[in-house]
Amino acid sequence: MKILYVILSCNNYVDTRCPSSENTWITKINDKSDYMILSADSLREKVVGYQTRDDYWSLPDKMLNFFKKFDFKDYEWVLTLDDDAFCFPNRLENYLLKNKFNYNDNISIGQRSCYFAEMDDTIFCGGGGTIVSRGCINLLKEFIDNEISPIRYLCGDCCMFDWFKKINSQLIHAINDNGEQIMFPNKYQDSDSGYLNSAITYHYCDENDKNYLFENFLK
């Protein structure tokens, strides 16, 4: 399985938050997969940037340039997640295989639990991770190329979800066989339960959190 893991970051965090991911869960991605860090500028190896602004509200512009300009042909799936999130790559692969998702289909997967009043919809909590198929990305590229003003919201999560809806993506709420969520927007949510043994991602993890999860649940 060929997955591109995209860590959403900014220039200030490329060498502070990102190494704690590179030294832990990134070491467990399979040989056919790869990762990159999306920032404002290409500061070092594995960091891609398109000379955008670099504040919190610049994420839609970063994502717009990324989907428009990056060549995804070598990948079947893309997982985007924040630089303070932790991923279990083996569990992600198992989830995609078990559900027999076809990467050529128009599929987007995430934790659909954030209500956005302006859109009157419950959107994906993107910091904890969003999984996108190659089929979805191909349609996103086409949409972005042909849309005059594709950015309608300043929030990155809202903007991406709006794009998914515009291309009629199959919006999948990530749960396991027991109906329990597996992509956690907050590391403190159910962290004392058995979900630590089944979660695909956790958000709001500092370096100590990532080391703990790696040593006890992934290494």
Side-chain angles (χ1 to χ4, degrees), residues 1-9 14 17-39 42-50 62-63 65-111 124 126-142 144 160 164 167 169-170 172 174-177 182-184 197-203 205 210-211 213-219:
M1 185 174 292
K2 300 176 181 179
I3 302 175
L4 177 64
Y5 296 83
V6 181
I7 300 174
L8 307 176
S9 191
V14 161
R17 288 184 177 181
C18 294
S20 62
S21 293
E22 293 175 294
N23 295 330
T24 55
W25 64 267
I26 287 291
T27 66
K28 295 299 182 179
I29 64 177
N30 71 53
D31 293 337
K32 295 181 179 180
S33 297
D34 204 352
Y35 81 96
M36 57 166 283
I37 298 166
L38 182 61
S39 188
S42 300
L43 300 176
R44 62 170 171 83
E45 184 181 6
K46 294 295 185 182
V47 180
V48 175
Y50 299 99
K62 290 179 182 177
M63 298 300 295
N65 281 276
F66 171 60
F67 283 121
K68 186 173 184 176
K69 300 175 182 178
F70 193 83
D71 187 356
F72 296 92
K73 64 180 175 56
D74 293 330
Y75 304 102
E76 299 164 342
W77 298 93
V78 173
L79 170 68
T80 64
L81 73 171
D82 281 5
D83 53 18
D84 58 347
F86 187 93
C87 178
F88 297 86
N90 56 329
R91 298 179 189 176
L92 171 58
E93 292 185 27
N94 290 338
Y95 169 77
L96 293 173
L97 289 171
K98 187 173 184 178
N99 286 277
K100 299 180 180 179
F101 295 126
N102 187 333
Y103 61 81
N104 287 312
D105 291 340
N106 181 11
I107 297 173
S108 51
I109 307 169
Q111 185 60 43
F124 292 147
T130 303
I131 307 163
V132 188
S133 68
R134 183 194 292 173
C136 180
I137 288 174
N138 289 339
L139 290 172
L140 273 178
K141 280 181 169 290
E142 184 179 340
I144 290 171
M160 280 190 64
F164 293 149
I167 63 170
S169 182
Q170 184 180 355
I172 298 175
I175 56 176
N176 61 21
D177 292 340
I182 51 177
M183 302 180 77
F184 289 83
N197 293 304
S198 62
I200 290 177
T201 61
Y202 268 101
H203 192 199
C205 296
K210 291 178 184 177
N211 288 333
L213 291 170
F214 181 72
E215 292 292 335
N216 291 279
F217 296 96
L218 184 56
K219 187 176 181 180

Let me confirm one number: the [atom1]-[atom2] distance from [X] to [Y], rounded to the nearest 0.5 Å.
X    : Y    : atom1 : atom2 : value
I109 : L96  : CD1   : CG    : 5.5 Å
I137 : S169 : CD1   : OG    : 10.5 Å
S21  : I7   : OG    : CD1   : 4.5 Å
I175 : I182 : CD1   : CD1   : 8.0 Å
L38  : F70  : CG    : CZ    : 9.5 Å
Q111 : H203 : CD    : NE2   : 13.0 Å

Closer than 3.5 angstrom, by distance alone: can the side chain of [X] be matched with the main-chain N or O of [Y] as a donor-acceptor pair?
X    : Y    : result
T201 : G128 : yes
S33  : M1   : yes
N30  : K32  : yes
K2   : K73  : no

Any side-chain heavy-atom pair of [X] and [Y] under 4.5 Å:
X    : Y    : result
L81  : F86  : no
Y75  : Y103 : no
I107 : C136 : no
P89  : Y5   : yes
T130 : M183 : no
N90  : K28  : no
I37  : V14  : yes
F72  : R134 : no

So, for [X] and [Y], which heavy atoms are closest and what is the spacing to 0.1 Å?
X    : Y    : result
I3   : L92  : CD1-CD2, 3.9 Å
V132 : F164 : CG2-CZ, 3.9 Å
W77  : I131 : CE3-CG2, 3.8 Å
I167 : N106 : O-ND2, 2.9 Å
F88  : A199 : CD1-O, 3.1 Å
C87  : W25  : O-CB, 3.0 Å

Hey, is CD on E142 packed in by over 12 heavy atoms from elsewhere, all under 6.0 Å?
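No - once you tally the heavy atoms of other residues, nucleotides and ligands closer than 6.0 Å, there are 12 at most.
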Is it the case that atom NZ in K141 sees more than 12 heavy atoms from other parts of the structure closer than 6.0 Å?
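Yes, enclosed.
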Strictly under 6.0 Å, is that where the ring centroids of F101 and Y95 end up?
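Yes, close enough.
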side-chain contact (heavy atoms from CB on, under 4.5 Å), that's the test. Do L140 and M160 meet it? Break it down for me.
CA-CA 10 Å; L140 273 178; M160 280 190 64; 5.8 Å; no
Do [X] and [Y] meet the criterion of a side-chain donor-acceptor pair at a distance under 3.5 Å?
X    : Y    : answer
K98  : N94  : no
Q170 : D105 : no
S20  : K210 : yes

Please assess V78 against V6 for the test side-chain contact (heavy atoms from CB on, under 4.5 Å), listing each intermediate value before the final yes or no.
CA-CA 7 Å; V78 173; V6 181; 3.8 Å; yes
Hey, mind stepping through L218 and L213 against side-chain contact (heavy atoms from CB on, under 4.5 Å) and telling me if it holds?
CA-CA 7 Å; L218 184 56; L213 291 170; over 6 Å; no
